[in-house]
Amino acid sequence: MTEKPSRSHGRIAISASATPRELMADSARLKGAWTARIITLFPEAFPGTLGLSLTGKALAEGLWALETIDLRPFGIGRHRNVDDNPAGGGAGMVLRADVVGAALAEAAIGTPPDRARWPVLYLSPRGKPFTQEMARALAKAEGLTLLCGRFEGVDQRALDHFGVEEVSIGDFVLTGGEIAAQALIDATVRLIPRVLGNQASTEEESFSHGLLEHPHYTRPTVWEGRAIPETLQSGHHAKMADWRRNMAERLTKERRPDLWRAYCAAHMRDPDEDQEL
């Protein structure tokens with residue numbers, strides 16, 4: 001009896017396989033397209049939100065590609081076990097080194113060994129914080145491999161053997177790495193040329209210049225007694241640019257003192273200056 005493949009989003013068939021499965025395979029992948037290869041126990045979680053809006057359109061057009069590698073077929077024994085009790089005791093379970101190692105070896109097939117060209121990352125709360133700068137670096141690579149953890153984590157030997165870099169999207173814990181992987185991919189894919197309709201929009205958003213982004217307004221001019229700032233209605237481009245920069249500095253100083261200190265250090269300014277922003 002053959003196993004009936006499960007369905008994802010009503011159009012993408014997901015079945016157990018030890019080889020990468022390309023999602024939205026009905027699209028034509030452009031030569032050299034940036035590729036995300038994901039090792040996960042839940043391949044049906046993808047593309048998820050990545051299949052929507054601009055990232056989904058770009059995926060369908062072949063501007064980037066998404067592949068999943070189901071971790072379960074690499075499991076051990078009749079029941080394809082992927083985890084075991086932690087050495088030394090303790091709560092929870094740990095993904096086995098031999099299982100994860102086999103999946104990482106499969107994911108490495110056809111990829112360049114240079115990690116600058118093809119990073120291999122493990123989504124982990126103990127990892128290096130993911131930043132906009134990191135997203136820009138990843139977007140310049142040929143692609144990447146993401147390992148989505150589960151349970152208490154992954155046997156450290158697999159991470160060390162394959163030189164996997166740990167990356168965190170924030171100081172909190174999720175039940176698995178799939179949501180974090182989607183966030184990381186979204187932040188990266190949108191920086192690939194032609195994915196966004198107006199690529200220049202990425203140049204003024206938060207973190208692009210070390211500051212949080214300034215507030216935005218649109219019609220109506222007055223809403224609930226609140227008017228669009230007069231400067232933005234003046235048509236004076238220099239004054240509008242100054243207003244946006246000042247507001248970005250004010251918000252950064254108030255909400256992210258860490259970013260403000262770094263910004264001031266880069267621009268030879270005193271972060272404790274009494275200047276009115």
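These numbers come from the heavy atoms of this one structure, side chains and all, not from hydrogens, waters or symmetry mates. Everything numeric here is computed off the predicted structure, so don't read it as measured data. All residue numbers in this chain count up from 1 along the given sequence.
Between Lys128 and Met134, some side-chain heavy-atom pair lies under the 4.5 Å cut-off. Annotation: side chain of Pro86 is not in contact with side chain of Phe151 (no heavy-atom distance under 4.5 Å). With contacts defined as side-chain heavy-atom distances shorter than 4.5 Å, the pair Arg72/Leu41 qualifies. Between Leu259 and Leu212 there is a side-chain heavy-atom pair separated by less than 4.5 Å. Between Leu30 and Arg194, the closest side-chain pair of non-hydrogen atoms falls below 4.5 Å. Asp242 has its side chain within reach of Arg245: a pair of non-hydrogen atoms, C-beta onward, lies under 4.5 Å apart. In this structure, the side chains of Leu159 and Leu147 come closer than 4.5 Å at one or more pairs of heavy atoms. By the 4.5 Å heavy-atom criterion applied to side chains, Leu232 and Tyr217 are counted as neighbours.
In this structure a side-chain-to-backbone donor-acceptor pair under 3.5 Å is present from Thr55 to Leu50. Of the possible donor and acceptor atoms, one in the side chain of Arg115 sits under 3.5 Å from a partner among the backbone N and O of Gly163. Between the side chain of Thr35 and the backbone N or O of Ala33, at least one donor-acceptor pair lies under 3.5 Å. Between the Trp34 side chain and the Leu138 main chain, a donor and an acceptor come within less than 3.5 Å of each other.
Residues that satisfy the ring pair (Phe, Tyr, Trp, His ring centres under 6.0 Å) test with Tyr263, not counting sequence neighbours, are Trp260, His267. For His216, the ring pair (Phe, Tyr, Trp, His ring centres under 6.0 Å) partners two or more places apart in sequence, or in a different chain, are His214. For the side chain to side chain contact (heavy atoms under 4.5 Å, CB included) test, residues two or more places apart in sequence or in another chain that qualify with Asn81 are His79.
If you take CG on Leu66 and CH2 on Trp64, they are separated by 4.5 Å, rounding to the nearest 0.5 Å. Leu121 contributes atom CG, which lies 5.5 Å from atom CD of Glu165 (distance to the nearest 0.5 angstrom).
Glu178 approaches Cys148 most closely through the heavy-atom pair OE2-CB, 3.4 Å. Of all heavy-atom pairs between Leu251 and Pro215, the closest is CD1-CD, 3.9 Å.
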Verify side chain to side chain contact (heavy atoms under 4.5 Å, CB included) between Asp155 and Val100, making sure each step is shown before the conclusion. CA-CA 8 Å; Asp155 189 308; Val100 173; over 6 Å; no
Give the intermediate values and the outcome of side chain to side chain donor-acceptor pair (under 3.5 Å) for residues Thr145 and Trp118. CA-CA 7 Å; Thr145 294; Trp118 194 284; 2.9 Å; yes
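A salt bridge is defined here as a Lys NZ or Arg NE, NH1 or NH2 lying under 4.0 Å from an Asp or Glu carboxylate O, and Arg244 with Glu249 fails to meet this definition.
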